[in-house]
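First the structure, in the form of structure tokens, and then the observations on it.
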Amino acid sequence: MKNENKIPLLVGVTGHIDLREADRDALLQAVIGELKRLRETYLHTPLKMLNSLAAGADLLCADVAEALGIPLIAALPMETAEYEKDFSPQELEHFRHHLSRAESVFVAPGAEAETGERRDFAYRQAGIYVVEHAHLLLALWDGKENPSARAGTAATVEFALKGNWEPEQGIPVSSAGNTAVIHILTPRRDMPAEGAGETRRIADEEMWDTLMARTEEFNILAAEIPEAEEHMLPESDESDAVLQQLEALYNAADKLSLQFARQFRKALAMLALAGTVLTFAFLLYDEGSMVPMILVCGAALLYAFYCYRQTTKSECHRKYIEYRALAETLRVQMYLRYAGSRLEVQRLMNWSQQQETAWILCTICALNGAPQPEKKRDILNCWVEEQRNYHCQAGKKTAGQLEKNDRVLGIAMKISILTYVVTLIYEFLFGGLGLRPLVSLRDPEQGRTLIKIVLGTLSAGTLFMANYYGKMSLRRVTTDHAKMAKFYEKAADQLTRCGQNEHILEALAREELAENGNWCSYQKDNAPELNF
């Protein structure tokens, strides 16, 4: 399977320039050990290294990446000709070697408004870029904090753990909750050499392990998804590997979401059926004195419990929601890049989305650790009109399904009411509802028993069906489709009148992300339950 169908684990690098030569072997072994451990832990997740290639620790880590066959992404603080002024002749040769073998080379775009001395600002922005886009930061650092420093290793570690920079757009997305820092003790030349190469991981261990387990899980499942025969984008661009990867991952996430949605709905239907059978069997046992029916009750309970356990074990509900949310986020980023926009989706996500979909946030950050798009294309037809048509058609389909479901529930309710009327007539004719029975029966209790069984089963079946349809949230989904269709109609008019610009693209992206977040929020409440 091609790596563009997999989410990479992006390892960022920061470190000191003035390394002790005596420590070099210990530091090399520490970096090799950490990267090998990651590769062995996440067998299906390809590693990539995001590195600014500064002299010292950065180049040492690049050496390890080359030795282990890990692709290198070079995010430089400034243009190459200017950056080379900071290297000695020997370091410059080393730098150019890794520059020539890098998968991509670009100047890290600034996240903050420019302030202070330009060179320091450039190094600061490169550090922020590495932190914002990497899953993990390898910090070859002496461990000494420097609160006054605006750039450098200590400042970059602070960015990773506290997210304490001031972006021009959105809020910092990296923090100790979703970023791990592997601190490799790296003494400076004027420090004692004791402990060089010792490592410790600074992170919310449970959170970070969960995020990476999600990535590994997706990559395993996506390996079974065939490559899409048709492309979403009207214009293929083989020179833009990021765009190709976004589309490939969207295809995998979309198909996985549909697959787990079917499992989820099947589980709901089976639980509803098991509840109805259980009620019917118990009424036969209780009212009809059919003792063997107690075994049917037990079988129905066991089957319901089995369905529930299988559903819980497969986590189909969670995967259905996560992969749908991932697909929609990838699609937004794909169209932004196709349009030539430099907007990155993670900076448009609100705080709730960052917290509730942290795995998706980290995924999109890693995928955006790449050169910015160079070509601008029109997205009126392929994004806006396509989505308007989709929501119109999907809205009609969901409305039709809702009407059908309401009709089924209505029929069940009418049958229940009819059965109740039959019960009244029965009691009036044969029972004691009137002053005396109009027709004498030898054993009116038999009729009562039959009516109780029918009426109880119908009531339970109606209740379980209502629960099944309620968890599909068809009414809410229908409303969402109608709302989004109107939004895209408005956006198409705006694009036609004003032309394509960053403000409209940002509005499109924000609205889709908000709608995606709302959908995730109410779908999470619809998990299968053993509520009978």
Side-chain angles (χ1 to χ4, degrees), residues 210 213-214 217-218 220-222 224-225 253-288 290-327 359 397-398 401-402 404-413 415-416 453-477 519-532:
T210 298
R214 293 280 195 272
E217 174 188 73
F218 175 85
I220 293 171
L221 293 170
E224 304 301 322
I225 301 298
D254 179 59
K255 285 182 168 55
L256 286 172
S257 176
L258 294 174
Q259 173 185 317
F260 288 110
R262 289 191 291 271
Q263 288 187 25
F264 164 62
R265 287 164 187 156
K266 182 180 178 181
L268 291 181
M270 291 300 99
L271 287 171
L273 177 63
T276 304
V277 171
L278 173 63
T279 304
F280 177 64
F282 184 77
L283 288 170
L284 287 175
Y285 163 75
D286 184 46
E287 299 293 341
M290 298 175 65
V291 176
M293 284 295 105
I294 197 65
L295 298 177
V296 177
C297 290
L301 275 172
L302 287 173
Y303 179 72
F305 183 70
Y306 170 78
C307 288
Y308 179 74
R309 282 294 301 271
Q310 288 298 107
T311 304
T312 304
K313 186 177 179 180
S314 70
E315 296 186 279
C316 60
H317 181 244
R318 190 262 302 170
K319 292 173 185 174
Y320 159 48
I321 295 172
E322 276 191 356
Y323 297 156
R324 182 77 264 143
L326 174 62
W359 170 62
K397 181 179 178 181
T398 309
Q401 190 176 3
L402 176 62
K404 177 183 176 181
N405 295 344
D406 286 345
R407 188 162 57 248
V408 170
L409 290 175
I411 291 171
M413 183 62 69
I415 293 174
S416 296
I453 292 171
V454 172
L455 188 58
T457 303
L458 282 171
S459 299
T462 303
L463 180 63
F464 288 125
M465 277 193 294
N467 180 64
Y468 165 70
Y469 291 134
K471 286 187 178 295
M472 292 172 69
S473 301
L474 293 175
R475 203 171 302 280
R476 177 71 181 270
V477 172
W519 180 86
C520 288
S521 186
Y522 65 73
Q523 288 292 346
K524 284 180 179 178
D525 295 331
N526 292 337
E529 298 174 314
L530 272 179
N531 55 3
F532 51 88

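Values reported hereafter were calculated over all heavy atoms of this structure, with side chains retained and with hydrogens, waters and symmetry mates removed. Note that the structure is predicted; figures quoted are calculated from it, not measured.
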If you measure from [atom1] on [X] to [atom2] on [Y], what distance do you get to the nearest 0.5 Å?
X: Leu271; Y: Tyr303; atom1: CG; atom2: OH; value: 8.5 Å
X: Lys266; Y: Leu268; atom1: NZ; atom2: CG; value: 12.5 Å
X: Leu326; Y: Arg214; atom1: CG; atom2: CZ; value: 12.5 Å
X: Thr279; Y: Leu284; atom1: OG1; atom2: CG; value: 11.0 Å
X: Asn526; Y: Ile321; atom1: CG; atom2: CD1; value: 7.5 Å
X: Thr210; Y: Glu217; atom1: OG1; atom2: CD; value: 11.0 Å

Using a 4.5 Å cut-off on heavy atoms from C-beta on, say whether the side chain of [Y] contacts that of [X].
X: Met270; Y: Tyr306; result: no
X: Leu256; Y: Phe218; result: yes
X: Tyr323; Y: Gln259; result: no
X: Asp406; Y: Arg475; result: yes

Between the main-chain N or O of Ala253 and the side-chain N or O of Ser257, is there a donor-acceptor pair closer than 3.5 Å?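 Absent.
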Mind checking side chain to side chain contact (heavy atoms under 4.5 Å, CB included) for Cys316 and listing every partner two or more places apart, or none if nothing turns up? Phe260, Gln263, Phe264, Thr311, Ser314
Among residues at least two apart in sequence or on other chains, which ones pass side chain to side chain contact (heavy atoms under 4.5 Å, CB included) with Leu302? none
Residue that, paired with Glu315, satisfies side-chain contact (heavy atoms from CB on, under 4.5 Å) out of His317, Lys319, Lys313: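 Between Glu315 and the candidates, side-chain contact (heavy atoms from CB on, under 4.5 Å) is satisfied uniquely by Lys319.
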In plain terms, say whether Arg318 and Glu322 are close enough for a salt bridge, that is, a side-chain N and a carboxylate O under 4.0 Å apart. yes
Neighbour count >12 (heavy atoms, 6.0 Å) for atom NZ, Lys524: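 Yes - once you tally the heavy atoms of other residues, nucleotides and ligands closer than 6.0 Å, there are more than 12.
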Lys404 and Leu474: CA distance, side-chain angles, deciding distance, side chain to side chain contact (heavy atoms under 4.5 Å, CB included) verdict: CA-CA 11 Å; Lys404 177 183 176 181; Leu474 293 175; over 6 Å; no
